[in-house]
Every structure is written in C-alpha cells, then in structure tokens.
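Just below is one structure, and these are the notes that go with it.
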Amino acid sequence: MSHRVRPIDRPVTFELDGESITAQADDTVAVAFVAAGRATLSRSIKYHRPRGPFCFSGACSQCLVRIDGAPNQYACQTEVKPGMRVERQNAFPDASLDVLQATDFVFAKWFNHHEFMAGVPLVEKVMLQVARKLAGLGTLPEKAAPSRASPIVETVPVAIVGGGAAGLSAARRLTERGVGFSLFERERACGGRLLIGSEEGAPAIVVPAGPSIRPGATVVGVFADDGKPFLVALQNERMHFVFYERLLLTNGGQPTLLTFPNNDLPGIFAGRAVSRTIRQHGVVPGERIAVVGEPDEARSLAKLIVASGSKAVAVGGVPERAHGLRSVTAMTVTLGGTSEKHECDAVAVCAPLSPAFELARAAGARVGWDARSRLFTVEADAVGKAAANVWAAGELRGPMSAAAATEQGLVAAEAIATAVKGATP
Amino acid sequence: MSKALLCPCEDVTASEVEHAIAKGYCDIESVKRFTGFGTGMCQGKQCLTAVARFLEDTTKPKPTAAQLMPFTPRPPLFPTELSQWAAASFDPMVAPAGGVPQSLGLTENALKPEGPVPTKAKIVIIGGGIMGLALAWNLAERGETDIVVLERGYLLAGASGRNGGGVRMQWGTPTLIELARRSIDLMDRFARDLGINVWFRRGGYLFLAKSDEVVAKIERAAKLHNAHGVPTQILTADGARDIVPHLTMTGVKAAAWNPRDAVIFPWPFLWGYAHAAQKKGVKVETFTKVIGFEQSDGRLKKVITDRGDIACETVVLAAGAWSPQVASLAGIDLPNEPHRHEICSTEPLKPFLGPLVSVLDSGLYFSQSMRGEIVGGMGDPREPAGMNLGSTQRFLTRYSQALTEQLPQLGRVKILRQWSGPYDVTPDNSPILGRTPGLPNLLHLSGFVGHGFMMAPAVAERMAAWMATGESDELFERFTLGRFAEGRMEREDMIIG
C-alpha cells in the first residue's frame, strides 16, 4: 500500500469513474491515484491487460484516461482540479473488472493479427467487425475545443530545450556571458533529475532569475518549413513559434523499458518515477518496494525509500519476472548469481534514461547506437556540437552523472557564447 | 497471462517480435511496420530501446552498431491537439518548401544483405512497392517465376508504405472506374487469396462539394459511375449528414456517396504479395540499389546494382515517383514528377466514422483506420515538383483548420505523427504503361498520381496477362510513354489530395 509522507493540507476532491478521491493540491491525477492505493488506471489496447502509471513523465501510455470529456489525457501530466471528472477507458464493463481481458488468456503469447482468421469465409467478416468494435482507445471528445489564440512568434538568439542539470548550467553560463536565450522546460518547475532523481551528491538546483526561464513550456517539434528552423512550443495552452539562431538541446530522456515477463503490471514504476513521487509529492508508492536494475541508482533510490518509511528489497537485482494478476505481488531477480523471489507491492525499475533524440534528429544531428549503454544517443563533439548551429548536452548524449551533465551544459554554453560573439561584427 | 511487453502502447510482446525476425523482418523500420511497435501513443519513446536491445540479442548474425538505427522520428514530439495547430496561420499564396526530415532516413547500405544478387533472371522488376510485388506475384501465378524484384530500402519504404489506404470506384474515366472496381474486388478477397489480413472495410466514400463547379463535376461523374455499375448517389447536405452525423455542412452544396468504396490497411498487401511470390520462387532483394544498365542493340542486357549485375530479358520499371531517376540511368526521359503529399494520423479513437470523407474543393480527406486513428491529408495546390519527403507545420495547420471546420469535435483530438510521400505525377494525370519507344524490353508501370496503391491489384493482373500471353491489351498500348511525343494525352480529373 502506498502512503503519504506528509498529510494532505490543501485538499482537492476530484471524481474517478464517479467516485470521489481527495488529493493534495499539487498532485497530478496519476500521483493522486497511486496515493489513494489504486492499481488499475487503464486497460491495454489489444489484450486489455491491467495497467497503472509507469513513467510519470508523459512518455508512455499507461496512465491515459478521459478527463472532463477529452480522451487519452496523460494522468501524470494533468494536475488535479476540484470537481475534475476522470474516467478510465477501453474497458467493459469497467477497468477494474474488464471481461475483454479474456483476449489476454486466449492469445497467451501474442496475437497474430496478420493471419488470424485470414481468408476464412464468413468467420473473417465477423472477425473484422469485432476487431473494428474493439479498436481504439478513448471515444470522441464531447465538445469542440475552446477557441485558441493564434501562436506567438518569437525570435531568440539561443533556444535551450530542457531545464535539467545541463540546461540550467548552460543558462547560467549564457547569462554570465550576456547572451540572450529562452529556456523551455516541460515541467512546471526546473531541475529535472536534480529535482526528481535519487542521485546522491548531485549539484543543487540554481535557476537564473528572469523571464528567459520558461517552465511549463513543452516543445513539440523542430520544424523548418522555409528552410529556417523554429521550435513549436506550447505554454499556457498557447502555441509559440520560436525562431532561433542557435539551439541547445538538453532535454534528457525518458525511462527505459526493461523486458521481462509481466513488465507491464500495475505497481511497476520507472526508478525515476518513484524518486519523483517521493521527492516532489511525498507519495511512496508501496510498503515493500523491489528496487531492481542499475545498481547505483537502485542503491540511492532504496535509501530514499527507506528514509521515507517503506522497505526496499531485491536492491540492484537483475529483473527476471514479475508476479501478480491485478498488480505486482512479487518479483524474481538474479542477485549475486542466484535467482530470488521477493514479495513486494511495488517495483522500481532503475535504468539509464533512453535519450529523447527526436528533436535533435529533426534539427539535423546524428543519432547512433551506443554499444556500451545499448541506447540510441545523440552524437556530438567535445563541446557538444551536434549539427550546424545545434548543440547537445547531458543525458541526451548518454548515461552520465548530474555533475557530468552540468559540466557538459557549461562547455556547450561556452562554445555557443563564443560562436555568438564571433558572429557579431 | 504472462507476457513480456516490448511495446506496451500497442501490446507487442517479445514473442511477436521473434516471429517478425523469423519472417525476415529484422531491421527496425520493418519490425515497426510488421508488429506495429512504436506506432502507439508514445511513438517509440518507451519501446524503441527495448526493441533495439531485443534485436541485438536475438538476430543472427548480431547486428552491428551501424545496422541498429532508430526508426525515423515523426513530428510532433508529443501528441498535440488539432485545435492548437489550427490556431496558426499560413500564406496560401506562398509555395511550401523545406520540412523535416528531408531524407528517407536510410543509412547508406547499412542493411545491405551479404552476398551478390542472382547473376541472371528472365525478368527484373525495379521497385518493391505494391506495383512491382503485385506484378511479380501475378506473373508467378502464371508460371513465370524467374523474377528478381529490386527494392532500394525495406519493404514499404516508398509511397506504398505512406498512403492513407482509401480505395474507391469513384473516378472520372471508364478505364479507371473499371480498374478500381476490379482492384476493390481483389482487395476484398485478398486474405483468401494471399493468407494475410488487410483489414478491408467497406465504409464508403463521401465526397463533399462546396462550389457549383464541383457539384457539376460529381454529378457528371455519378452518371458515368452508374453507367459502369457503380452505385454512386448524389445527396443533399442533409443526406450527407445522415451518413456522418458529426459533420458540419457549412457551405456544402451536394455530396457524392458510394457505399461500395472502402478503406484498407496498405502494409499487409506488400507482405502478402512478397511472401506468396517468394514461395513460388521469385527473389525479392531489399536494400539493393540500381546504379546503371548495360545495353546494346537497342535492348537492355543487364541491370547493374550495388550488389552485382543481373543479366535479363525484360526490365519492368515500377519505382513510382523514383522511376525518372532510374530511367535516366538507361538514358530515358520520363515526364513524371514527384510531388510531396503530406499526411498525418491522430490518437486512436473508438470507431465513430464510417466512410472516408473528402472535400473535393480543398483536397481534404480523412477516414478512420481499423486501429481507430483518424488518418488524413490535404494536397497543397502550391506544392512544387521535386522529391521532398519533409513534414511541415504549415500542413498541420492547413489540415487541422479544414478538418475541425468539418468535424469540430476533433478539435481536442491529438495528432500523433505526420509524414509525407511522393505522388508520381504525369502531365495528364494518367499512368505510364507498356513498352519504351526505342528500348522495347524496358516496360513501364508508373505514373499513378497518388492512386497507384488502389489500382495495383487490377493493373498488375492485366500486365501479367499481357506479358505472359503477348495478347494485346488496350492499357499497354494507349497509356504508353510514346503518347506524350505523339500528343495523345489522357485526362483524369477526380484526383484528390
């Protein structure tokens, strides 16, 4: 069972499938859901497997719900509001007991959608009709969208995407060098791993003052319609088209999925999701948490869990199999060469982040397979130059400590400052 | 049940990826298409690393770092509401340019199979899209199996993997109406003939007309359709709303409705044709580029590839919008021009939209796929000729404005990914088929102006018969390359998008 480290002092009540749930004012729907001790928030698209929030960073699909009549909203990216109406999707009769989960048992290993009933007279037509009925996730929105203001067009000398360790150090260096910039941070507060990670001895969060730092601004793309690149960012529900001279990408990555049987059970979270709920929201997602995967992160996360009043087990074990029907009840890991089964009510999967290379690739950078970390990373030179007028720093370039990311941010910013000054007559 | 998920969004398990690898789909782009991994709400953020690691551990021989490439990421980075894109503006008078990414995303030769191609074959088909593969299978069905199909990338890398899957009988000339009718029949029984589901769904096509000129066009076309057994009806705006209740009918003067038109999932057609042709002995060589020809005595003697030369009797050029590039290697000028056509897909919704809806005046079209996504596009009259596979914000804005005007409830629906493909445009909007003047063993099968996919089953069937029997067929005498020099132009005006 999850618990809150701090009691709720600013209560907000919202509705989940008609039932009232009370949360702390800053909670996201996903955090409030886990804090309320619930497991199944969604059902998977084909097999209707029970799913719960996993990444808490808007990069998976396990927390998608209908919110106030709009389908497929990330519960982990939506703050609770009084009276908010949250509905679980893709289940019959409801997400807790979904009879369509029968498909998960019928197709024990997988469903061969290419060949199933292919060409069988009559049966094929019925299969197509059933498949059509079961397709899709949410239903059409109830209403048209509110009218949206037209995008704000801006021009900046330097655009920084991501306000974590690397982005913030770069912002500080550019401020010192007197180079104008805008930093776009998707979360409502800057800090990234410094704010939500569990790494010990990580640098403190130092955010330069001023309007150049823009939390709550999600960059959704780099475009180059007329050959001139610009970012499209969403801030306060409004689009901004940001034309830049130089681009620094420090947008890190997302939790990496490790492959083992039942790796999608409710109660299994990304390591950084667990440190996030504890540090940012004071919510510990289990009483007895198996902390598996990358040993350094597992150890520091285990400390955080223990300090928050729960137990950490199987720390640093290599995940072999998760057990449980509706949510995780045990975890088999390999530790010290032996296989061990640990009872638990939550699992934290620790692994270096998968770099979020999409923007870099659109901006012209090369992305390659790093054989050591087994991740796709953005390729850059010693100062972080990744393409013409594009620099990259931090975990986008592969696994590294917060201190190393901070240093890469400084080095890239210095190179950018030099380039800006050099280009000025 | 116990499953190890590699892609939780689309419920793709490790066993399913193993199956894809066993079928020979072991590059990431092919695994993505064959299993559907990476096509869900997260667009690969969660699954790409897991699948790449699985491929590295499972495929033999172990892929090198250069062979492990991420699939091309498609904008936007996060699902973004149509209403947001629609709030921007664009200058309709300015031609679109640029776009991201500019290239196909194929790393040069990284996945080139080891070993040479066959040294000879009776027929070499250049282009492993729907046209080339459908022709190969139809020839094999007639007993002609000494065939090599050459594909520059993975199966589906070209326009066959990039189209929206609409198939209709509503055309403007008897030839295309007849071909489309036959194709749709073949598509309906494709699963029976070729053993793979293509998710054929007869939801109909609803064309909306907003100007008197377009009303006159659909009325004229409907008469022609009826004369050829296609049950197209002309409806009032209210009649059209009965078919799709969510549509607004602002400015709609009339609509053309054929309930027999359909939507299919394009990808399995290529796998179905390729597997069945291979079973009969046809060689399909992917990641193989044609770099030249050897010719003498007014005939092509050899096709030169980056994996060796193939001596052959006949060459069929079926490379779609890339055909002019290949033809120029043989010294032949084709009048085809590639025109970028952008398209996008939304998050999956429970089914609510039966037909493919198209506004003929603007070129907007959209339908709901069997997976529930709204897939659609809108041609840009200012799009210049040239091979450009980039995606633009301008397109998302134009499309979102037009779509939410027609279906306002989609305003809060989010675009998941956008991409583009090349229309293979000819001067008279009609295909180029048959023999090359002065080079009679180079046959053409290109120039389908964005509707090649839906014509392919029928055209390939007729071309195979023509090639195998030598009996004359009007298609391959009328739509020849020679017609441009002779001034015999055809005209098709029911092009959309």
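Naming: A, B, ... by sequence-line order, numbering from 1 per chain.
Of the two parts of B:Leu353, only the backbone, made up of N, CA, C and O, holds a non-hydrogen atom closer than 4.5 Å to a non-hydrogen atom of chain A. Using a 4.5 Å cut-off between heavy atoms, A:Phe241 touches chain B through its side chain atoms alone. With a 4.5 Å cut-off on non-hydrogen atoms, A:Asn72 touches chain B through its backbone and its side chain both. Contact of A:Ala149 with chain B is made through the backbone alone, with heavy-atom distances under 4.5 Å. Contact of B:Ile415 with chain A is not made at all, since no heavy-atom distance falls under 4.5 Å. Of the two parts of A:His113, the backbone and the side chain both hold a non-hydrogen atom closer than 4.5 Å to a non-hydrogen atom of chain B. Proximity to chain B is limited to the side chain of A:Thr256, based on heavy atoms less than 4.5 angstrom apart. At a 4.5 Å heavy-atom cutoff, the contact between A:Phe376 and chain B is made by side-chain atoms alone. Contact of A:Ser44 with chain B is made through backbone and side chain together, with heavy-atom distances under 4.5 Å. Both the backbone and the side chain of A:Val220 come within less than 4.5 Å of a heavy atom in chain B. Interface residue B:Thr13: only side-chain heavy atoms are found under 4.5 Å from chain A. Looking at A:Lys143, only its backbone comes within 4.5 Å of chain B, counting heavy atoms on both sides. The part of B:Gln418 that comes within reach of chain A is its side chain, from C-beta onward, which places non-hydrogen atoms under 4.5 angstrom from that chain. When heavy atoms are compared at a cutoff of 4.5 Å, A:Leu134 approaches chain B solely by way of its backbone atoms N, CA, C and O. No part of B:Phe90 comes within reach of chain A, as not one of its non-hydrogen atoms sits under 4.5 angstrom from that chain. Contact annotation for B:Thr64: neither backbone nor side-chain heavy atoms come within less than 4.5 Å of a heavy atom of chain A. When heavy atoms are compared at a cutoff of 4.5 Å, A:Asp370 does not approach chain B at all. There is no contact between B:Arg189 and chain A, counting heavy-atom distances below 4.5 Å. Interface remark: B:Ser391 contributes backbone atoms only to the contact with chain A (heavy atom separation under 4.5 Å). Contact of A:Leu64 with chain B is made through the side chain alone, with heavy-atom distances under 4.5 Å. For a residue to count as touching a neighbouring chain, one of its non-hydrogen atoms must lie under 4.5 Å from one of that chain's; by this rule B:Phe190 does not touch chain A. For chain B, no part of A:Val153 is nearby; none of its heavy atoms comes within less than 4.5 Å. Within the 4.5 angstrom heavy-atom criterion, only backbone atoms of A:Arg238 (N, CA, C, O) approach chain B.
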Is there a side-chain contact (heavy atoms from CB on, under 4.5 Å) between B:Gln46 and A:Ser354? Walk through the geometry before answering. CA-CA 8 Å; B:Gln46 204 190 359; A:Ser354 293; over 6 Å; no
Tell me, with the steps shown, if B:Lys45 and A:Glu358 meet side-chain contact (heavy atoms from CB on, under 4.5 Å). CA-CA 9 Å; B:Lys45 294 182 188 74; A:Glu358 293 87 348; 4.0 Å; yes
Could you walk me through whether B:Glu81 and A:Arg148 satisfy the salt bridge (Lys or Arg N to Asp or Glu O under 4.0 Å) test, starting with their C-alpha distance in whole Å, then the side-chain angles of each, then the deciding distance to 0.1 Å, before giving a yes or no? CA-CA 11 Å; B:Glu81 291 181 8; A:Arg148 309 280 190 195; 2.4 Å; yes
Pair B:Lys3-A:Asp104, salt bridge (Lys or Arg N to Asp or Glu O under 4.0 Å): steps then yes or no: CA-CA 9 Å; B:Lys3 290 184 173 76; A:Asp104 193 29; 2.4 Å; yes
Audit row: B:Met69, A:Val367, side-chain contact (heavy atoms from CB on, under 4.5 Å) steps and yes/no: CA-CA 8 Å; B:Met69 297 177 290; A:Val367 175; over 6 Å; no
Would you check, one step at a time, whether the test side-chain contact (heavy atoms from CB on, under 4.5 Å) holds for A:Leu359 with B:Leu77? CA-CA 7 Å; A:Leu359 296 176; B:Leu77 179 60; 3.7 Å; yes
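Across A:Pro141, A:Gly221, A:Ala322, A:Gly368, the residue that shares the most heavy-atom pairs under 4.5 angstrom with chain B is A:Pro141. Of the listed residues (A:Glu237, A:His323, A:Gln89, A:Gln101), the one with the most heavy-atom contacts under 4.5 Å to chain B is A:Glu237. Among A:Tyr74, A:Phe105, A:Tyr47, the residue making the largest number of heavy-atom pairs under 4.5 Å with chain B is A:Tyr47. Residue with the most contacts toward chain A among B:Phe200, B:Phe352, B:Phe34, B:Phe54: B:Phe34 (heavy-atom pairs, distance under 4.5 Å). With chain B as partner, the option from A:Lys228, A:Arg132, A:Gln254 having the largest number of non-hydrogen pairs under 4.5 angstrom is A:Arg132. The residue among A:Ala108, A:Gly58, A:Ala70 with the most heavy atom pairs within less than 4.5 Å of chain B is A:Ala108. Between chain A and the residues B:Gln393, B:Gln368, B:Arg192, B:Arg371, the most heavy-atom pairs under 4.5 angstrom are made by B:Gln393. Of the listed residues (A:Gln129, A:Lys125, A:Arg374), the one with the most heavy-atom contacts under 4.5 Å to chain B is A:Arg374. Contact count versus chain A (heavy atoms, under 4.5 Å) is highest, among B:Glu10, B:Met41, B:Gln84, for B:Gln84.
Note on ring orientation: taking the six-membered ring where Trp is involved, the planes of B:Trp271 and A:His114 are perpendicular (angle over 60°, cut-offs 30° and 60°). Using the six-membered ring where Trp is involved, B:His19 and A:Trp110 have ring planes that are tilted, between 30° and 60° apart.
Under the 4.5 Å side-chain criterion, counting only non-hydrogen atoms from C-beta, B:Pro8 is in contact with A:Gln62. Using a 4.5 Å heavy-atom cutoff, the side chains of A:Asn90 and B:Lys350 are in contact. By the 4.5 Å heavy-atom criterion applied to side chains, B:Leu349 and A:Leu137 are not counted as neighbours. Here the side chains of B:Met370 and A:Leu128 are in contact, with some heavy-atom distance below 4.5 Å. Under the 4.5 Å side-chain criterion, counting only non-hydrogen atoms from C-beta, B:Arg412 is in contact with A:Gln73. Side chains of B:Leu5 and A:Arg51 form a contact here, defined as non-hydrogen atoms less than 4.5 Å apart.
Counted by atom type alone, A:Trp369 and B:Gln67 present zero donor-acceptor pairs between their side chains at under 3.5 Å.
Ion pairing of B:Glu16 with A:Lys46 is present here, as a side-chain N (NZ or NE/NH1/NH2) and a carboxylate O approach within less than 4.0 Å.
Using modelled atom types, no side-chain atom of A:Asp225 and backbone atom of B:Ala97 make a donor-acceptor pair closer than 3.5 Å.
Here the shortest heavy-atom pairing between B:Cys9 and A:Ser61 reads SG-OG, 3.1 Å. Summarising the geometry of A:Ile45 relative to B:Asp11, their closest heavy-atom pair is N-OD2, 3.7 Å, with the distance given to 0.1 Å. Taking both residues in full, the closest heavy atoms of A:Ala118 and B:Asn197 are given as CA-OD1, 3.3 Å, listed atom of the first, atom of the second, then distance. Taking all atoms of both residues into account, the shortest heavy-atom contact from A:Phe357 to B:Pro70 is CZ-CB, 3.5 Å. Of all the heavy atoms in A:Ala135 and B:Pro351, the pair that sits closest is O-CD, 3.7 Å. Closest approach of B:Leu6 and A:Thr259 over heavy atoms only: CD2-OG1, 3.2 Å.
Note that B:Arg394 lies outside the cation-pi zone of A:Phe223, set by a 6.0 Å cut-off to the ring centre and a 45° limit from the axis.
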